Amino acid sequence: MTTDPRAVTRPVDPLLLERWSPRAFDGSAMPQADLDTLFDAARWAPSASNYQPWRFLYAHRDSADWERFLGLLVPGNSVWAQHASVLMLILSDTLTAAPGSTDYKPLHSHSFDAGAAWMALALQGTRMGYRTHAMAGVDFDRARTELAVPDRFRLEAAVAIGRQADKAILPEALQAREMPSGRKPIEDFAFAGNFRD
């Protein structure tokens, strides 16, 4: 007997369970206004000293930049991400300075903060009927050169955004994986006191 991979043991908000990362997208156009709403949601994520170190570089499908962005993905991702509406790269600024200062110092939480912005964006997308799928299968060195990303920015991940399609459009091997996944039990990652493995 199979158990529900999305079963919870506490009263978690359903929005968190509705968000998942499919690979089947329908290729429909995404209005810029909808994408801007996702960016606005990301804008409200918390960050150290309110620095907001995240940056998003993106391309709409059928835009002049689409093939460049698609070409930065590893083949295992581009095979399905080609049907997304938008491809995006998430970056984080590794340095920070006080307002009006040029005395930059390392920002310890840059990736953490960008991750918070990504989650806000993903949840807003879910609320609006879009799906988002983040991936690390990217040629990050080529992306840095291709998109003129300064050295102080870390390329965190790529994201495919769009409306979900039937899994039948995917290669057979990916069809079997096209479902929401479960999560580790709380006891595996939350510990009172000292670290445990």
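Bear in mind the structure is a predicted one, so any value in this text is a computation, not a measurement.
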From Ile90 atom CD1 to Leu155 atom CG, the distance as rounded to the nearest 0.5 Å:
10.5 Å
Check: Ser28/Asp26 side-chain N/O donor and acceptor closer than 3.5 Å
yes
All N/O donor-acceptor pairs, side-chain side in residues 29-36, below 3.5 Å, sequence neighbours left out:
from, atom 1, to, atom 2, distance (Å)
Gln32, OE1, His60, NE2, 2.7
Gln32, NE2, Asp36, OD1, 2.8
Gln32, NE2, Tyr58, OH, 3.1
Asp34, OD2, Tyr130, OH, 2.5

Non-hydrogen atoms of Phe56 and Ala117 that approach each other most closely
CZ-CB, 4.2 Å
Say you draw a straight line from CG of Asp141 to CZ of Arg144; how long is it, rounded to the nearest 0.5 Å?
7.5 Å
Under a single-linkage definition using a 4.5 Å side-chain heavy-atom cutoff for Ile, Leu, Val, Met, Phe, Trp and Tyr, are Leu121 and Met135 assigned to the same hydrophobic cluster?
no
Which residues share a side chain to side chain contact (heavy atoms under 4.5 Å, CB included) with Pro180, sequence neighbours left out
Arg6, Trp20
Roughly how far, to the nearest 0.5 Å, is the CG atom of Leu95 from the CZ atom of Arg154?
14.0 Å
Just jot down the side chain to side chain contact (heavy atoms under 4.5 Å, CB included) partners of Phe191, sequence neighbours excluded, or say none.
Arg196
For a 4.5 angstrom cut-off between non-hydrogen side-chain atoms, does Met88 reach Leu57?
no
Between Leu91 and Glu156, does a side-chain contact (heavy atoms from CB on, under 4.5 Å) hold up when you go through it step by step?
CA-CA 5 Å; Leu91 289 64; Glu156 301 285 354; 5.8 Å; no
For Ala45 and Ala120 the tightest heavy-atom approach is CB-CB, 4.5 Å
With heavy-atom distances below 4.5 Å as the criterion, would you say the side chains of Ser85 and Ile161 are in contact?
no
For the atom pair CZ (Arg61) and CG (Leu87), what is the distance rounded to the nearest 0.5 Å?
8.5 Å
Should Leu174 and Leu73 be regarded as members of a common hydrophobic cluster, given that ILVMFWY residues are connected when their side-chain heavy atoms come within less than 4.5 Å of each other, either directly or indirectly?
yes
Which atoms form the tightest heavy-atom contact between Tyr104 and Arg152, and what is the distance?
CE2-NH2, 3.5 Å
Smallest heavy-atom separation, Phe25 atom then Arg131 atom, equals CE2-O, 3.5 Å
Decide, yes or no, whether a salt bridge links Asp40 with Arg43 under the criterion of side-chain N to carboxylate O below 4.0 Å.
yes
Mind listing the closest non-hydrogen atom pair of Ala160 and Ala84 along with its distance?
CB-CB, 3.8 Å
Would you say that Trp54 contacts Ser47 through its side chain, given a criterion of any heavy-atom pair below 4.5 Å between the two side chains?
yes
Are Ser111 and Ser92 side-chain neighbours, meaning at least one heavy-atom pair lies under 4.5 Å?
yes
Full working for side-chain contact (heavy atoms from CB on, under 4.5 Å) between Leu72 and Arg142:
CA-CA 7 Å; Leu72 297 173; Arg142 200 156 67 80; 3.9 Å; yes
Any chain of hydrophobic side-chain contacts (each under 4.5 Å) joining Met128 to Trp118?
yes
Side chain to side chain contact (heavy atoms under 4.5 Å, CB included) against Thr96, all qualifying residues, sequence neighbours excluded
Tyr51, Leu107
Walk me through it: do Arg23 and Arg177 pass the test side-chain contact (heavy atoms from CB on, under 4.5 Å)?
CA-CA 9 Å; Arg23 293 174 180 84; Arg177 298 170 56 194; 2.8 Å; yes
Distance to the ring centre below 6.0 angstrom and angle to the axis at most 45 degrees; does that hold for Arg55 and Phe153?
no
Hydrophobic cluster membership, Leu38 vs Val159, 4.5 Å side-chain cutoff:
yes
Nearest heavy-atom neighbours spanning Val138 and Ala143
CG1-CB, 4.5 Å
Contacts of Trp80 meeting ring pair (Phe, Tyr, Trp, His ring centres under 6.0 Å) (sequence neighbours excluded), chain-then-number -> His133
In chain order, what residues pass the side chain to side chain contact (heavy atoms under 4.5 Å, CB included) check against Leu15, with sequence neighbours excluded?
Asp13, Glu18, Leu123, Thr126, Arg127
Interatomic distance, CD@Glu146 vs CG@Leu89, rounded to 0.5 Å, equals 10.5 Å
Kindly indicate whether the side chain of Asp113, heavy atoms from C-beta on, has any atom under 4.5 Å from the side chain of His110.
no
Is there a path of hydrophobic side-chain contacts, each under 4.5 Å between heavy atoms of I/L/V/M/F/W/Y residues, joining Leu70 to Val79?
yes
Is there a side-chain contact (heavy atoms from CB on, under 4.5 Å) between Leu170 and Glu178? Walk through the geometry before answering.
CA-CA 9 Å; Leu170 296 170; Glu178 190 71 352; 3.7 Å; yes
